[in-house]
Amino acid sequence: MRAFLTLLARNRLALWGGVVLAGVVLLALITPLLPLAEPDVTDTANRFKAPFSEGALLGTDHLGRDLLSRLLWGTRLSLAVGFAAAMIAATLGAAIGIIAGFYGGRVDNVIMRGVDMLMAFPYILLALAIVAALGPGLLNALIAVAAVNVPFFARNIRGVTVSIAHKEFVDAARLAGMSNARIILFEILPNVLPVIVIAMSTTIGWMILETAGLSFLGLGSQPPQADLGSMLGEARAALITNPHTSIVSGAMILVIVMCINLLGDGVRDALDPRLRSGALSRPVPATAVSREDVPAAKGEALLDVQVLQTQFHVKDRVYRAVGGVDLTVEPGQCLGIIGESGSGKSVTALSVMGLVASPPGVITGGAVRYKGDDLIGAPYEVLRSLRGDRVAYVFQDPLATLHPLYTVGDQLIEAVRVHHRVARAEARARAIELLTSVRIPNAQSRVDSYPHELSGGMRQRVGIAMALANDPEIIIADEPTTALDVTVQAQILSLLDDLRRDRGLAIIFITHDFGVVAQLCDRVAVMYAGRIVEEGPTEAILTSPAHPYTARLMACVPELGQGRRRLEAIAGLPPAVDRLPAGCAFAERCVKAREACRASEIALAGTGARAVRCIDPDVPLAAETVA
Ligand code: ADP
Ligand code: MG
């Protein structure tokens, strides 16, 4: 609730709308207590008195009635009728929409066709017809306005309900033995409530206008009772001679409807979860950069990440997700990055191409050199030309990265045509070739499949095919096999291995699985709390881990054929990256930790191919390199 109000208050116009509206509503509420003239008492001797005259602040109308009093009483009535109509329409419409969407099938068909029939009439005509049938009167006008707005709510809410009626949490509720009524009340309703409120906040002003319209035509409130529409209708005859009689009620309608709409827009923006998650803040195409000095280039590696630092600045907190990471890859090499969940692997990978979302992400230091050129802070055009063309990504969840409404062929064609001018037919041939190269059987026909028609393993292959679309030099794979079962995982790994041998691809492979690293990677970097704690050739690290963390991480992995042994989970949790300790981040969980570990920062030190960030490594690196 607090968050909602802050968001709402950030929208200046909505805030003003809310404040003015609150004033009007307050006035309407206290109208009976105010020392006003009787609104319906006529006094023809004092017709058409001008505003600001003695005893009548806003003047009088054609029957000499006090306009201020009529205005306030009329506002009270109009607000009440508009609000009541909105409540009725929202409740009825939502109930209809939820039932249609939840039960689906024939129920849905019957209800929605009925709603369609209502929607087929121009709604003002429909409202007029309803009032004509029921007879003029404010209550009937209210019914008419509510009735013509029911279909709008019903359609909106049905759509939302359909999309959540088959979500897993609803299935789970059903499995738990909940009745349909309970599911609707406790599982569906809370999820559609924001949509109902949003729809209401944006239509309530409209309903006040419609009620006023019916009253204006003489079908709503009946004389002598005043509402804003009937006041306007009665003043119409004197529009030219005594315009103040029309202006008073007209201005009030304008103010009310405008305030409600401004406030409604604000409410919608603040409530809509998609907008709340940051869609309203302007998206930046590349991660923001704020770094002081750039490390000098050393060597001409294909990709050289130098002391990369990426942080998330959320309010007054700073999350040091990546705190100075060095990596290099050469063509044909596979570098593994391994570490517990939350150790900064993904953020490191995304920082390479400036893909970390900003805000809140900021690259605060280091360099990412691609063939010697620094990519951090490079113009967006440079990054764009490299992304997907020279450096491609494969992500964990292929279903989330593939567009559900396009065939995989179309998506591959698009991936090719973003970077190369080729004819569609040629791109299609290329798509089939790509699918074949990732060993999708029957590529000719699979190219026209939609993502949901493929199995998880096949979708991941499509993901890899997409990454390969433009013959990249580097593939960054972020846990590409974590969601797959072991046999499919083995196939994907051997596919990647072949690709790098055949095409000389450089692969950065992120995982938390030592088995996968052993199978695929030449070198491996172990990450902990945003830093590399050990790096070296896979063989050497697997046989003799030097950092206590690496050793403990490996002890957590069950080994086949080794008999029963105790798996040792690492006690404790990784430190939160917004409160990193001064010395070694692993000290809290390390059995060997001592005073010096916590005192000051520990450098990544080593000889030859291996390096470790520990003052007391499990194996002395120097001796090993000599041997
Ligand atoms: P993993 O190694 O599992 O891929 P990540 O790289 O995704 O881990 O995350 C590294 C750290 O960055 C985590 O501690 C996470 O809490 C933090 N982090 C990631 N995204 C955000 C964000 N948008 N705001 C704040 N912190 C974030
Ligand atoms: Mg990750």
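These numbers were taken from a predicted model, which means no experiment stands behind them. Both counts, for ligands and for their atoms, begin at 1 and track the order of listing.
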Query raised in the report: So is G339 in contact with ligand 1, going by heavy-atom distances below 4.0 Å?
Result: no
Query raised in the report: Identify the closest protein heavy atom to atom 18 (N) of ligand 1: which residue and atom is it, and at what distance?
Result: F312 CE1, 3.5 Å
Requested in this report: Under 4.0 Å from a heavy atom of V577: give me the atoms of ligand 1 that qualify, with their elements.
Outcome: 14 (O)
Query raised in the report: Between R589 and E340, is there a salt bridge with N-O shorter than 4.0 Å?
Result: yes
Query raised in the report: With a cut-off of 6.0 Å (strictly less than), are more than 12 heavy atoms of other residues, nucleotides or ligands near CD of E539?
Result: no
**Report entry** Heteroatom N/O/S of S341 within less than 2.8 Å of the Mg ion (ligand 2)
**Finding:** no
Report summary line: Of all protein heavy atoms, the one nearest atom 13 (C) of ligand 1 is G342 O, 3.6 Å
Query raised in the report: Is Y319 in polar range of ligand 1, meaning some N or O pair under 3.5 Å apart?
Result: no
Query raised in the report: Is the shortest distance from a Lys or Arg side-chain nitrogen in K298 or D304 to a carboxylate oxygen in the other one below 4.0 Å?
Result: yes
Query raised in the report: At a non-hydrogen distance cut-off of under 4.0 Å, which region of A576 contacts ligand 1 (side chain, backbone, both, or neither)?
Result: neither
**Report entry** Mutual orientation of the aromatic rings belonging to Y406 and H403 [parallel < 30°, tilted 30-60°, perpendicular > 60°]
**Finding:** perpendicular
Query raised in the report: Is there a protein heavy atom at a distance of less than 4.0 Å from atom 15 (C) of ligand 1?
Result: no
Report task. Run the numbers for me: atoms of ligand 1, each under 4.0 Å from some heavy atom of S341, listed by number. Result -> 3 (O)
Query raised in the report: Is there a nitrogen or oxygen of G344 sitting under 3.5 Å from a nitrogen or oxygen of ligand 1?
Result: yes
Requested in this report: For the pair D522 and R500, find out whether any cationic side-chain nitrogen is under 4.0 Å from an anionic carboxylate oxygen.
Outcome: yes
Requested in this report: Ignoring angles and geometry beyond distance, decide whether P360 reaches within less than 3.5 Å of ligand 1 through its nitrogen or oxygen atoms.
Outcome: no
Query raised in the report: Among protein heavy atoms, which lies nearest atom 9 (O) of ligand 1, and at what distance?
Result: V347 CG2, 3.8 Å
Query raised in the report: Looking only at distance, does K345 have an N or O less than 3.5 Å from an N or O of ligand 1?
Result: yes
Query raised in the report: Is there any N or O on S346 that sits under 3.5 Å from an N or O of ligand 1?
Result: yes
Requested in this report: Output yes when E453 and R446 qualify as a salt bridge under the 4.0 Å nitrogen-oxygen rule, no when they do not.
Outcome: no
Query raised in the report: If you measure from CD1 on I413 to CE on M466, what distance do you get to the nearest 0.5 Å?
Result: 10.5 Å
Report task. Indicate whether the side chain of S351 and that of T310 have a donor and an acceptor atom separated by less than 3.5 Å. Result -> yes
Query raised in the report: Between A321 and ligand 1, is there a nitrogen or oxygen pair with a distance under 3.5 Å?
Result: no
**Report entry** Nearest protein heavy atom under 4.0 Å from atom 1 (P) of ligand 1, yes or no
**Finding:** yes
Query raised in the report: With the threshold set at 4.0 Å, does a side-chain nitrogen-carboxylate oxygen contact exist between R369 and E300?
Result: no
Requested in this report: Please step through salt bridge (Lys or Arg N to Asp or Glu O under 4.0 Å) for the pair R503 and D471, ending with a clear verdict.
Outcome: CA-CA 8 Å; R503 305 190 183 199; D471 259 325; 2.9 Å; yes
